[in-house]
S.K.: 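I am attaching a structure below and will ask some questions about it afterwards.
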Amino acid sequence: MKRVYLDNAATTPILPEVVEAMLPYLRDAYGNPQSLHDWGDEARETIEKARGRVAALIGGQPGEIIFTGSGTEANNFAIKGLAQAQQSKGKHIVISAIEHFSVLHSAKTLEKWGFEVTQVPVDGYGLVDPEEVAKSMTEDTILVSVMHANGEVGTIEPIAEIAKVVKKMGALFHTDAVAAAGTIPVDVEQLGVDALSLAANQFYGPKGIGALWLKKGTRIIPFLDGGVQEGGRRAGTENVPAIVGMEKAAELAQQDMSSRIQRLSALREQLIADVSSEIKHTILTGHPAQRLPGNASFCIEFIEGESMLMLLSSKGVAASSGSACTSRALKASHVLTAMGIPPEIAQGSLLFSLGLNNSEEDVDYLVEVLPPIVDRLRQMSPLYAKFVKEQGGGK
Amino acid sequence: MKRVYLDNAATTPILPEVVEAMLPYLRDAYGNPQSLHDWGDEARETIEKARGRVAALIGGQPGEIIFTGSGTEANNFAIKGLAQAQQSKGKHIVISAIEHFSVLHSAKTLEKWGFEVTQVPVDGYGLVDPEEVAKSMTEDTILVSVMHANGEVGTIEPIAEIAKVVKKMGALFHTDAVAAAGTIPVDVEQLGVDALSLAANQFYGPKGIGALWLKKGTRIIPFLDGGVQEGGRRAGTENVPAIVGMEKAAELAQQDMSSRIQRLSALREQLIADVSSEIKHTILTGHPAQRLPGNASFCIEFIEGESMLMLLSSKGVAASSGSACTSRALKASHVLTAMGIPPEIAQGSLLFSLGLNNSEEDVDYLVEVLPPIVDRLRQMSPLYAKFVKEQGGGK
Amino acid sequence: MPIYSEKVMEHFMNPRNVGEIDNPDGVGEVGNPVCGDMMTFYIKVDDNHLSDVKFKTFGCGAAIAVSSIVSEMAMGKSLEEARKITPALVAEELEGLPKNKYHCSNLGAQALNKAIDDYLKKQGKEVKSRRRGKNEKE
Amino acid sequence: MPIYSEKVMEHFMNPRNVGEIDNPDGVGEVGNPVCGDMMTFYIKVDDNHLSDVKFKTFGCGAAIAVSSIVSEMAMGKSLEEARKITPALVAEELEGLPKNKYHCSNLGAQALNKAIDDYLKKQGKEVKSRRRGKNEKE
Ligand SMILES: Cc1ncc(COP(=O)(O)O)c(C=O)c1O
Ligand SMILES: Cc1ncc(COP(=O)(O)O)c(C=O)c1O
């Protein structure tokens, strides 16, 4: 059976070059970067070189990169560590309503710790309005965090504009660029942010490795307490092979970024056009233009996401959904909800995220298998039956 | 030049079988265990199988294993998460004076959060006395953490005895078994603990993966906030290849444990005997019998550790030291200090940690190159000159 | 490791008795799309037995499989026996359901029960109607 | 990436002027083993110039390399010139030192200065002794 992976937002495959780069560090170069001998020297040199390459991907300085174990950890570190470091100045935090759970739930923890958190709403495209951010800030605001791009609906936020209003009000600005870095151009200087999270498994690097870029001179309270690794800011034996993998992935991402964007955007446009024309009552979610190159996210009316995923899976196609039924907690995606999408529509959420190993054929295959699946589920759907009756009645 | 790695306490090499087991998950099986499709199903199945094997290594149940990004993270999670979950019952924590920094500094953070921490002293061998633990506990004590084995001096603590007194007093007991699990038999049932940390890179598995074993029913506040991974207790995309690596390493460790212990203990005894007889004024640190199989730690009098490491390194030998000069903060190891070793003696700290790829030849080589190094540094040492003069004067 | 048992998958992939019944003797609708799942059961009753059961379902894989197996379990049963199809029985018949999907097995049993209620209510009504001679007009 | 420069390594591996001087003209001892490093410098002075410099050092690689280069820098210099060997100069001469090892370059310069102080003090003493006719006895 044909197998088509259209779930690159969940995790990308690792590029063969990246695995090759990691292998020596899984095999022979096993030293601990903290050790005072040849093995340690080599490991130290290796991760310092990697730090430079990862910094270069986002226009930062090597000394500003702190490696973490995931994007989630980078976000926990940034939100909790920056808030704690600033708490003598104020205890108010602002985040957007569509942040990833690793930001959202870190902010919830801060609330338990006595901080106050304001969520800024988004519009129907998932866009954060810099004016809204300004309005939500007070004298007491020490930290604002708005994600660079949303992996679920693809919308890219106006980070530079938001940064301007945040800096004017004198707060720190963090952006979760886990879905953006390595995929679209991200430059910390141009963005004007103080901290930025990224993760390798979003740009064809390995799992288990992320980074927090922290502007030089910015104080942060360590999240992982322990040894003196990462300049005393993130304890734990450095994950050398994964760091090397992130380095290689960053290098390739930087090198091929524009051609990747071109290819993926073209595929995405093809997918969006074909799905929209082949399947009636389909809504494109997220911003039509300001969106991640590989992101094609929809709501398919009258049917539910999980059952679509299961039937797609039976045809070898991997995708994802923000429907309530696909979440452990049985709640529709907070992102779709914040965008004002009614719950019964959000139930039909279906996300295709294209990646480097997708081709036009994959899109063609999807467009071949998806309509019968939708048909079949709609034939089974009491909602669709009602709709048809009402339509018929309306004739 | 001959190269001899005697720094397995810093990190072990990865076994070839472990790398082989990881490769498919670095290459083709890149799915995210949270995804609802074949790629996700496979990844989920893979980590659940691994959970069982890792649990088996320490006599636990699969559902009791929470994978983390390192031993450090497991310790941060345990100390902070258990204390926070129990804080309505009391705010007093007890740890030993020789805990790893990831426990020690997590406890410091708890102090900042309003908890009170008592450090239990150790004897000259680095042993914690269960009686001392009992004495240090109060009505308000909610959590006690004593490490299973100390990686620096090799001493193995009487965990089961300590657990008894802790449970009698009604507190939770966590043990940092990072240096013990996979190296010596560790059984959570026999130990009677509530939580136990372990890390793969201490038993020939990959870096960047550890686990917290948490007794069923024990409440903990998540450390990494975010998604619902690991039953909602540890957010972040699961590091599938590393988890598989840990699984394989755990399997091999369990299977070969007694033969490994036999081999390493024999090598260690040879090393200790030879170094002690070849080099005068050498002190074995840690417990002479109750010690990790591969650990041979000394203080070499009149000279300093870093300079020994550098000269050993020039002969291809990798080792480590707890001297002040080898630490970033220029403080002698708190472990040696807590054991009552005077600072000028602690400066001569030298740790050889043997591993699976060491042979008798390696020990012979060490015993050949070390004495001239010590001689040379003693010839340079004003302390040694004084000692010799005093000895001469005493004749 | 698929989240569903083979039996769930089999019923999801090949659901029995999908559809509506023209002029059903009873209809039961439970859930709503806002909560995630919605099921409508249609029944035909002959001689106090379910001679036909059909359903339409909006919802997850579990909801569809539950609907299918409930329809299968109910088919041909007397109304009293059909009432005995509990959520637990449904889950068992499906060789288990993920914890967070148990509510789907509730929904299936509920929808069937509601359809039977509806039938009984209609029966009562019709009897009443007959008394008022209303039925004859139709 | 070794933590030390090549120059540090070269001096550490092949330290110049290790040892003691019999009947030195001046001795300077700084540091103590409790803090980590200890250095003793011995000097011979001829015609206001350092005709010989030797040292013994207990300490890290940096401490040994610093001792070695200080001894080399001082050798043959006039006392006044030798006084100008500052910690910064020592670090520069060694092509840099890790931040947490700067104190070692302090120690080296201090030990040399102490030895010169000791020489000058002894000189004063000896002059005084001579006056008292003490020196002749020896
Ligand atoms: C925007 C964003 N932030 C954070 C994360 C968390 O990444 P991880 O689960 O790899 O830690 C994700 C994951 O997809 C993401 O899309
Ligand atoms: C006893 C003990 N606990 C915790 C750790 C921390 O491990 P890591 O630095 O890999 O997180 C170590 C590391 O050697 C250790 O020996």
S.K.: D:Lys101 versus chain B, heavy atoms under 4.5 Å apart: side chain, backbone, both or neither?
M.R.: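 The side chain, not the backbone.
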S.K.: Between D:Lys56, D:Glu20, D:Met39, which residue shows the highest count of heavy-atom pairs closer than 4.5 Å to chain B?
M.R.: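 The candidate making the most pairs under 4.5 Å is D:Lys56.
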S.K.: Please report the interatomic distance CG(B:Leu383) to OG1(D:Thr57), rounded to the nearest 0.5 Å.
M.R.: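 Answer rounded to 0.5 Å: 10.5 Å.
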S.K.: Using a 4.5 angstrom heavy-atom cutoff, name the option from D:Ser67, D:Cys60, D:Gly36 with the most pairs to chain B.
M.R.: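 Between D:Ser67, D:Cys60, D:Gly36, the count favours D:Cys60.
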S.K.: Please classify the contact between B:Ser321 and chain D as side chain, backbone, both or neither, with a heavy-atom cut-off of under 4.5 Å.
M.R.: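 Neither; nothing under 4.5 Å.
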S.K.: What's the spacing between D:Asp37 CG and B:Gln347 CD if we round to 0.5 Å?
M.R.: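 Reported to 0.5 Å precision, the distance equals 7.0 Å.
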S.K.: Given the rule in the side chain to side chain contact (heavy atoms under 4.5 Å, CB included) test, do D:Ile3 and B:Glu306 qualify, once you have shown the distances and angles that lead to the verdict?
M.R.: CA-CA 11 Å; D:Ile3 61 167; B:Glu306 191 200 87; 4.2 Å; yes
S.K.: Please flag which part of D:Pro15 lies under 4.5 Å from any non-hydrogen atom of chain B: side chain, backbone, both or neither.
M.R.: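 Just its side chain gets close to chain B.
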S.K.: Could you look at B:Tyr384 and say if it's the side chain, the backbone, both or neither that has a heavy atom under 4.5 Å from chain D?
M.R.: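 For B:Tyr384, no heavy atom lies under 4.5 Å from chain D.
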S.K.: Does OH in B:Tyr125 sit with more than 12 non-hydrogen atoms of other residues, nucleotides or ligands closer than 6.0 Å?
M.R.: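 12 or below, so no.
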S.K.: Would you mind checking which part of D:Met13 comes under 4.5 Å of any heavy atom in chain B, side chain (CB onward), backbone (N, CA, C, O), both or neither?
M.R.: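 Its backbone and side chain both get close to chain B.
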S.K.: Counting only heavy atoms closer than 4.5 Å, note whether B:Arg376 contacts chain D via side chain, backbone, both or neither.
M.R.: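 The side chain, not the backbone.
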S.K.: Counting only non-hydrogen atoms closer than 4.5 Å, does D:Val18 touch chain B with its backbone (N, CA, C, O), its side chain (CB onward), both, or neither?
M.R.: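 Side chain only.
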S.K.: Determine the option with the most heavy-atom pairs under 4.5 angstrom with chain D, choosing from B:Ala324, B:Gly348, B:Gly305, B:Cys325.
M.R.: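 Looking at each of B:Ala324, B:Gly348, B:Gly305, B:Cys325 in turn, B:Cys325 comes out on top.
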S.K.: Report, as yes or no, whether the 6.0 Å neighbourhood of atom NZ on B:Lys2 holds more than 12 heavy atoms from other residues, nucleotides or ligands.
M.R.: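 Correct, the count exceeds 12.
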S.K.: Quick check on B:Leu311 against chain D: is it the side chain, the backbone, both or neither that has a heavy atom closer than 4.5 Å?
M.R.: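 Both backbone and side chain of B:Leu311 come within 4.5 Å of chain D.
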S.K.: Does any heavy atom of chain B fall under 4.5 Å from the side chain of D:Tyr4, the backbone, both, or neither of them?
M.R.: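 D:Tyr4 touches chain B through side-chain heavy atoms alone.
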S.K.: Give, as side chain, backbone, both or neither, the part of D:Ala62 having an atom under 4.5 angstrom from any heavy atom of chain B.
M.R.: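 Interface part for D:Ala62: backbone (N, CA, C, O).
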S.K.: Counting heavy-atom pairs closer than 4.5 Å to chain B, which one of D:Gly19, D:Pro33, D:Cys104 comes out on top?
M.R.: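 Option with the top pair count is D:Pro33.
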S.K.: With respect to chain B, which residue among D:Met38, D:His103, D:Lys99 yields the maximal number of heavy-atom pairs within a distance under 4.5 Å?
M.R.: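 Between D:Met38, D:His103, D:Lys99, the count favours D:Met38.
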